[in-house]
Amino acid sequence: MEQGNKTQTLPLNTCYKLASSVLTEATSTACMLLSLFLSTASTVTVCGNLLVITSVVYFRQLHTPTNALILSLAVADLLVGAVVLPLTMKFSVSTCLYNRSVFCLIRSSLDMILGSCSILNLCCISVDRYYAVCQPLTYRFKINNHVIGIMILISWFLPALFAVGFQLGFNRANCVQRCLSFALVTQFISFVFLFYLPLILMLCLYLKIFLVAQKQANSLQKHTKSRENANKLEKKATKTLAVIMGVFLLCWLPSFFCITIVSFSRSSDTGPLIEILNWLALSNSLLNPFIYAFFYSWFRSAFLLIISGKIFFTDLTNVTLQ
């Protein structure tokens, strides 16, 4: 009897339900720690990606086709930190799949749009790197501002289209017993076009880039020193972008793999697993700015100038970033 009264006094929100599944006992301490973690992650994600956006927009040296795609990726990551993570603190996927409220629809739609937008932007970046490394003579003609604009438009339009279709299909479903199963199967179909196919394309392109880079490295002795330095910078940029893709896969692949397995098994009892893996996936938006700062010296220099506040007192748009 006392146990029943104790259960009734707990607020029926997502945080307590998730804490109950993970810790076997709903406690306010778990909720506070979870909220603190997500709040910190949200703040760091917004600040880090805001540095990337400001750097690309402000410094003319960073006005390149590749950085335009990185800018688009940073915008998606910033929105994850500013919108998706705060909504995650109140609404979990496992609860929202059974709930058709406005907030749950917004949260799940933005989650799908921004996550898919990130992978498509990375796919476009791999295409850009392929032409830069493998076809350098035609790179400036094939990858121009018009082509970059189309790539960015597709990267945002396709996820939005799939998200709208997913929500319309979900709202028409008979949400009694098969609600979760229908949602997961529909989401898996979206992932085939928004994750698995782009992933295969990226792996093929980066494999080709690696082979070409190896061939170029073997012929460095026949080139001048300036050519050698340029080649090293090109290889470093390609390596950095490959690391960005690798981190993305480490963050997102477990979530996609889990949803794929659950979709085929038609299981409706996943506990907190999908939600925890979703948090891991969202953490990719937090990590990308640190990758830029660590591998790109010009981004690191730009970050220091912005954080120091020098750009607010002196015109540094044409400064050479080392």
Side-chain angles (χ1 to χ4, degrees), residues 45-46 48-84 109-135 138-166 190-206 209 237-238 240-245 247-249 251-252 281-282 284-289 291-292 296 298-299 302:
T45 300
V46 170
N49 286 284
L50 190 59
L51 283 174
V52 176
I53 295 172
T54 304
S55 299
V56 176
V57 173
Y58 183 82
F59 297 102
R60 292 183 180 178
Q61 180 181 338
L62 301 181
H63 293 179
T64 64
T66 300
N67 288 337
L69 294 172
I70 291 178
L71 174 64
S72 177
L73 178 63
V75 170
D77 290 339
L78 183 142
L79 291 176
V80 169
V83 180
V84 177
S109 297
L110 289 176
D111 199 347
M112 178 182 294
I113 291 173
L114 297 176
S116 301
C117 182
S118 293
I119 188 65
L120 290 181
N121 273 302
L122 286 171
C123 185
C124 292
I125 290 173
S126 67
V127 173
D128 171 83
R129 289 296 85 199
Y130 169 78
Y131 281 102
V133 176
C134 301
Q135 301 183 24
T138 60
Y139 171 69
R140 294 185 179 274
F141 298 99
K142 293 185 177 181
I143 307 297
N144 50 44
N145 292 333
H146 179 69
V147 173
I148 291 296
I150 294 177
M151 287 182 175
I152 294 175
L153 181 63
I154 293 176
S155 298
W156 285 87
F157 176 75
L158 282 183
L161 182 65
F162 273 92
V164 171
F166 171 75
S190 300
F191 285 162
V192 169
F193 294 96
L194 298 177
F195 176 72
Y196 291 111
L197 292 181
L199 173 61
I200 294 173
L201 176 61
M202 282 191 293
L203 291 177
C204 293
L205 290 177
Y206 274 114
I209 291 172
T238 301
T240 303
L241 294 172
V243 171
I244 293 175
M245 189 190 75
V247 172
F248 182 91
L249 292 177
C251 292
W252 282 97
L282 295 177
N284 177 247
S285 298
L286 182 151
L287 296 175
N288 278 337
I291 297 175
Y292 304 143
Y296 280 135
W298 49 85
F299 267 113

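- Checking Ser72 against Trp156 by side-chain atom types alone, a donor-acceptor pair falls below 3.5 Å.
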Using side-chain contact (heavy atoms from CB on, under 4.5 Å), reason through Phe195 and Leu249 one step at a time and then give a plain yes or no. CA-CA 10 Å; Phe195 176 72; Leu249 292 177; 4.1 Å; yes

Go through Val147 and Asn144 one step at a time and tell me if the side-chain contact (heavy atoms from CB on, under 4.5 Å) criterion holds. CA-CA 5 Å; Val147 173; Asn144 50 44; 3.3 Å; yes

What's the verdict on side-chain contact (heavy atoms from CB on, under 4.5 Å) for Val56 and Phe299, showing C-alpha distance, side-chain angles and the deciding distance? CA-CA 9 Å; Val56 176; Phe299 267 113; 3.9 Å; yes

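- By the 4.5 Å heavy-atom criterion applied to side chains, Leu122 and Ser126 are not counted as neighbours.
- Asn67 places a side-chain N or O within donor-acceptor distance of the main-chain N or O of Leu62, the cut-off being under 3.5 Å.
- With rounding to the nearest 0.5 Å, the separation of CG in Leu199 from CG in Leu194 is 12.5 Å.
- Under the 4.5 Å side-chain criterion, counting only non-hydrogen atoms from C-beta, Pro198 is in contact with Leu120.
- For Ser116, there are no side-chain hydrogen bond (donor to acceptor under 3.5 Å, both in side chains) partners at least two apart in sequence or on another chain.
- At a cut-off of 3.5 Å, with distance as the only test, no side-chain donor of Ser118 or Asn121 sits close to an acceptor on the other residue.
- Taken from OH in Tyr131 to CD1 in Ile209, the straight-line distance is 11.5 Å, to the nearest 0.5 Å.
- Contact annotation: the side chain of Leu286 never approaches that of Val80 to less than 4.5 Å [non-hydrogen atoms, C-beta and beyond].
- Atoms CG and CD1, on Leu161 and Ile154 in that order, are 12.0 Å from each other to the nearest 0.5 Å.
- Formation of a donor-acceptor pair under 3.5 Å by the Asn49 side chain with backbone atoms of Ser285 is found in this model.
- In this structure, the separation between CG on Leu69 and OG on Ser155 is 7.0 Å, given to the nearest 0.5 Å.
- Of all heavy-atom pairs between Val46 and Ala82, the closest is CG2-N, 3.6 Å.
- Leu79 has its side chain out of reach of Val84: every pair of non-hydrogen atoms, C-beta onward, lies at least 4.5 Å apart.
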Worked check of side-chain contact (heavy atoms from CB on, under 4.5 Å) between Val127 and Met151: CA-CA 10 Å; Val127 173; Met151 287 182 175; 3.7 Å; yes

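- Here the shortest heavy-atom pairing between Gln61 and Trp298 reads NE2-CB, 4.3 Å.
- Separating the CG atom in Leu50 from the OG1 atom in Thr45 is a distance of 12.0 Å, to the nearest 0.5 Å.
- Among residues two or more places apart in sequence or in another chain, the side-chain hydrogen bond (donor to acceptor under 3.5 Å, both in side chains) test is passed with Tyr139 by Asp128.
- Between Ala163 and Ile113, the closest heavy-atom pair is CB-CG1, 3.5 Å.
- Expressed to the nearest 0.5 Å, how far SG of Cys124 lies from CD1 of Ile70 amounts to 12.5 Å.
- Leu201 approaches Cys123 most closely through the heavy-atom pair CD2-SG, 3.4 Å.
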